[in-house]
Amino acid sequence: MAAIEFRNVIKRFDNGKVTVIPDLSLEIKDKEFIVLVGPSGCGKSTTLRMIAGLEDITEGELYIDNKRVNNVAPKDRDIAMVFQSYALYPHMNVYKNMAFALKLRKVPKKEIDKKVRWAASILDIEPYLDRKPRALSGGQRQRVALGRAMVRNPKVFLLDEPLSNLDAKLRTEMRSQITMLHKRLQTTFVYVTHDQTEAMTMADRIAVMDKGVIRQFDTPQKLYAEPADMFVAGFIGSPRMNFIECEIKRRNDYLTAEFAGNSLRIPSAKTKALEAYENRTVILGIRPEDISAYSGGMNMQESCVITANADIAEMTGGEVNVYFTLENSRCIARIRTERKITSGDKIKLLLDCNMAHFFDKETTKAIGRI
């Protein structure tokens, strides 16, 4: 078992003057793949380093495998950490890099050889065992770093932005390799990244962090479909969610969201929660992929057609990212269309009412999460 639990953990730096983690409570289940995601400086790497024992805990308690580890040395926590910089010994070849920790523990040579070659075969680095790190590509070095962690057979793998030094193609390849490695090893993985695409594609659950606080801890699907607040809604998804100020109005037996001369009919599933906001201003959130080119013949009870000027049109292959402005709101639509769209074009766009999100303007929290 390798469950991890933070209980009201506080982390301060500079003799207590700077609080990085104000109050962290988090439970990670055995064998889960958890990703800590958020902008730079949000506390995710500090959280990882506290698990590793590389940062002391100012207040609160940390448990690994139901054992309190606040004062347990890093070498006694049965964890392995993979760093962004690989941290390989440049004077040792791949084999010796992977075997080094086992040699320090005085593991028999035959067992070391068996474990190194087992890890190398899984990671497809057997041909490079005699090479030194400088003769390897970035992706190969990262696989060596993973292999060095694997041979120790730890209870917990900690990975701190391990793919950030790789190019886009290698990052995609390594994402799938790390995911498959987790399934094969059946060990707890805690992974830190600022890249929400990595988080969404790899994690069982994601903790979205902001200023040392977990805004939401949930599955990728839940974070995308039911964000807890505007921070999560804007951070998860690429391009980011559009936010538009609107006023809630009643029209006969239904409610509408009025903005920039447009009227979006509020779906019945969200009407009850929004009744308390009648004649008040709220924030409408709509993802770029929930805006399409209008071609007529749609059910207008479930859609809202707006006319906009394309400020910028970016062709990305099968889709076009169209940037436009609604009053003071800068928006983006990600649409599939055979028609060529260029900057300055006047276009009609269709907003899917059923995919609309609403947020309290003051608290920024989601209204009527369902």
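For reference, positions follow the sequence shown, starting with 1. Excluded from the calculations below are hydrogen atoms, water molecules and symmetry mates; all remaining heavy atoms, backbone and side chain alike, are included.
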Would you call Arg117 and Glu126 a salt bridge, using N to O less than 4.0 angstrom?
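Salt bridge: no.
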Does [X], at its [atom1] atom, have more than 12 non-hydrogen atoms belonging to other residues, nucleotides or ligands within less than 6.0 Å?
{"X": "Glu275", "atom1": "CD", "answer": "yes"}
{"X": "Asp56", "atom1": "CG", "answer": "no"}
{"X": "Asn279", "atom1": "CG", "answer": "yes"}

Answer yes or no for [X] and [Y]: cation-pi contact, defined as NZ/CZ to six-membered ring centre under 6.0 Å and angle to ring axis within 45°.
{"X": "Arg265", "Y": "Tyr254", "result": "yes"}
{"X": "Arg7", "Y": "Tyr63", "result": "yes"}
{"X": "Lys96", "Y": "Phe100", "result": "no"}

Could you walk me through whether Asp210 and Arg215 satisfy the salt bridge (Lys or Arg N to Asp or Glu O under 4.0 Å) test, starting with their C-alpha distance in whole Å, then the side-chain angles of each, then the deciding distance to 0.1 Å, before giving a yes or no?
CA-CA 7 Å; Asp210 176 37; Arg215 291 294 195 104; 2.8 Å; yes
Can you name the nearest heavy-atom pair linking [X] to [Y], along with the distance?
{"X": "Ser25", "Y": "Asn8", "value": "OG-N, 3.0 Å"}
{"X": "Thr58", "Y": "Lys11", "value": "OG1-CA, 3.5 Å"}
{"X": "Gly147", "Y": "Ala119", "value": "O-CB, 4.1 Å"}
{"X": "Thr47", "Y": "Leu36", "value": "CG2-CD1, 3.8 Å"}
{"X": "Arg77", "Y": "Ile51", "value": "NH1-O, 3.0 Å"}
{"X": "Ile236", "Y": "Arg287", "value": "O-NH1, 2.8 Å"}

Side-chain contact, heavy-atom cut-off 4.5 Å: [X] with [Y]?
{"X": "Asn309", "Y": "Thr325", "result": "no"}
{"X": "Asp130", "Y": "Val94", "result": "no"}
{"X": "Phe157", "Y": "Leu185", "result": "yes"}
{"X": "Ile286", "Y": "Ile291", "result": "yes"}

Pick from Asp78, Asp65, Thr187: which one makes a side-chain hydrogen bond (donor to acceptor under 3.5 Å, both in side chains) with Lys155?
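Single side-chain hydrogen bond (donor to acceptor under 3.5 Å, both in side chains) partner of Lys155 among Asp78, Asp65, Thr187: Asp65.
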Check the pair Lys249 / Glu247 against salt bridge (Lys or Arg N to Asp or Glu O under 4.0 Å), numbers first and verdict last.
CA-CA 6 Å; Lys249 293 290 187 181; Glu247 192 171 359; 3.3 Å; yes
Show your reasoning for whether salt bridge (Lys or Arg N to Asp or Glu O under 4.0 Å) applies to Asp311 and Arg330.
CA-CA 10 Å; Asp311 298 329; Arg330 291 276 292 153; 2.8 Å; yes
Could you check whether the rings of Phe235 and Phe231 sit parallel, tilted or perpendicular, using 30° and 60° as the cut-offs?
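Ring orientation, 0 to 90° scale: parallel.
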Check the pair Leu349 / Tyr294 against side chain to side chain contact (heavy atoms under 4.5 Å, CB included), numbers first and verdict last.
CA-CA 5 Å; Leu349 298 171; Tyr294 177 62; over 6 Å; no
